[in-house]
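Have a look at the structure below, then the notes.
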2 protein chains.
Amino acid sequence: MNKPAPHQSGCCTPLGASRLSAEAAQALGADLGLLGHPIRLQILDLLAQHTDQVCVCDLEAALPVKQPTVSHHLRLLREAGLIDCERKGLWAYYFIRREAVAALRARLLAQLDTLV
Amino acid sequence: MNKPAPHQSGCCTPLGASRLSAEAAQALGADLGLLGHPIRLQILDLLAQHTDQVCVCDLEAALPVKQPTVSHHLRLLREAGLIDCERKGLWAYYFIRREAVAALRARLLAQLDTLV
DNA sequence: TTAGTATATTGACAACCTTCGATTTACTTG
DNA sequence: CAAGTAAATCGAAGGTTGTCAATATACTAA
């Protein structure tokens, strides 16, 4: 991305680079973007309040979207490592990976702290 | 959204409702979605590391997008109350509203804690 | 008043995301 | 084996979001 010529008049002193690199902002944005969807938040919440595994059919029943959509969001959360599943015959049982959620929480918190 | 008939076979015990209501999930998702963009994160970071106000032209110089795009993201952040600005003649000086960021941080933290 | 400048807004376009019907896959059971 | 079922995947439609050129706005200064 080529920057335009700076202003000629002295409105201000030029800033240094952001502490947050473009790559770091991209990564943090991806984390936040993953969490930033109501269905995914509800899935995480449902899984978080059950110590045992939860069958997909129960998630479908608790959520206001159809089966392929639930499956899609489960995939995104699984690919991000926040949840995992175990297949037992026909059924799939999902569970939250609390250590991954805790790590994500810690990362977000660390970044948010620098903004306050 | 009409739910399909539940399975006939006993794969599991039906879940109760999520602790996170659909509305709460929507609101939390909006908060996260606002933060979940690299340019907005960089803007917040740039403003956060300066105690004084920052001229728009400096933000433009520090970001890899063009002027209207910067203006667009500044508007979203301002409408969310996370930043504000003061116009001085031709120039606009933006600043972070640390108490609003802190409130957002607290809200996110409270919700994330229930997931761990 | 005229020319010039910084920022905001508009409008159009592209990229991305979400959703769901249809289908496939993988399994169980008769 | 064939029939049936749960979940994943595919593919298309619709919606939202991000981007920028062009323009408008609001101000300064000659």
Side-chain angles (χ1 to χ4, degrees), chain A residues 1-12 14 22 25-26 29-30 32-43 53-80 83-95, chain B residues 1-12 14 22 25-26 29-30 32-43 53-61 63-80 83-94:
Chain A
M1 185 70 49
N2 38 4
K3 293 272 83 183
H7 296 166
Q8 49 246 51
S9 48
C11 62
C12 43
Q26 194 80 36
L32 287 160
L34 181 76
L35 286 183
H37 190 284
I39 299 295
R40 291 194 286 273
L41 286 170
Q42 288 188 91
I43 290 173
Q53 304 176 339
V54 173
C55 181
V56 168
C57 67
D58 285 333
L59 293 174
E60 286 167 20
L63 295 169
V65 288
K66 298 260 198 267
Q67 181 262 326
T69 304
V70 175
S71 201
H72 170 67
H73 290 298
L74 287 172
R75 167 133 89 139
L76 294 181
L77 290 169
R78 189 158 44 77
E79 286 175 347
I83 67 177
D84 204 351
C85 70
E86 190 180 344
R87 280 209 82 138
K88 288 180 185 166
L90 274 182
W91 295 289
Y93 294 87
Y94 278 79
F95 53 92
Chain B
M1 187 69 49
N2 38 4
K3 296 271 83 185
H7 297 165
Q8 48 247 48
S9 47
C11 61
C12 42
Q26 195 81 35
L32 288 161
L34 181 76
L35 287 183
H37 190 283
I39 298 295
R40 290 194 287 272
L41 287 170
Q42 288 188 90
I43 290 173
Q53 305 176 339
V54 173
C55 180
V56 170
C57 67
D58 284 334
L59 293 174
E60 287 168 19
L63 295 168
V65 288
K66 298 264 199 261
Q67 180 261 323
T69 305
V70 174
S71 200
H72 170 66
H73 291 298
L74 287 171
R75 167 133 88 142
L76 293 181
L77 290 170
R78 188 159 45 77
E79 285 175 350
I83 68 177
D84 204 350
C85 70
E86 190 180 344
R87 279 207 84 138
K88 290 181 185 166
L90 274 182
W91 295 288
Y93 294 87
Y94 278 78

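Computed from a predicted model, the values in this text were never measured in an experiment.
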Please report the interatomic distance CD1(Ile43(A)) to CG(Leu74(A)), rounded to the nearest 0.5 Å.
4.5 Å

Output for pair (Tyr93(A) OH, Asp58(A) CG), nearest 0.5 Å, gives 8.5 Å

B/S/- along nucleotides 23-30 of chain C (protein heavy atoms under 4.0 Å) is ---BBS--

Consider side-chain contact (heavy atoms from CB on, under 4.5 Å). Of Val70(A), Thr69(A), Val65(A), which one does Ile39(A) pass it with?
Val65(A)

In this structure, how many angstroms lie between the P atom of dA6(D) and the CD atom of Gln53(A), rounded?
18 Å

Nearest-Å distance, CZ (Arg78(B)) to P (dT7(C))?
13 Å

Return the polar atom pairs (N/O with N/O) between nucleotides 14-18 of chain C and the protein under 3.5 Å, or none.
| unit_1 | atom_1 | unit_2 | atom_2 | d |
| --- | --- | --- | --- | --- |
| dT18(C) | OP1 | Arg40(A) | NH2 | 3.2 |

Check whether any side-chain N or O of [X] sits under 4.0 Å from OP1 or OP2 of [N], and answer yes or no.
X	N	result
Tyr94(B)	dA6(C)	no
Arg75(A)	dA8(D)	no
Tyr93(A)	dA6(D)	no

Check Ala25(A) against Pro38(B) and note the closest heavy-atom contact, atom names and distance.
CB-O, 3.7 Å

Is the backbone N or O of Leu34(B) less than 3.5 Å from a side-chain atom of Arg40(B), with the two atoms forming a donor-acceptor pair by type?
yes

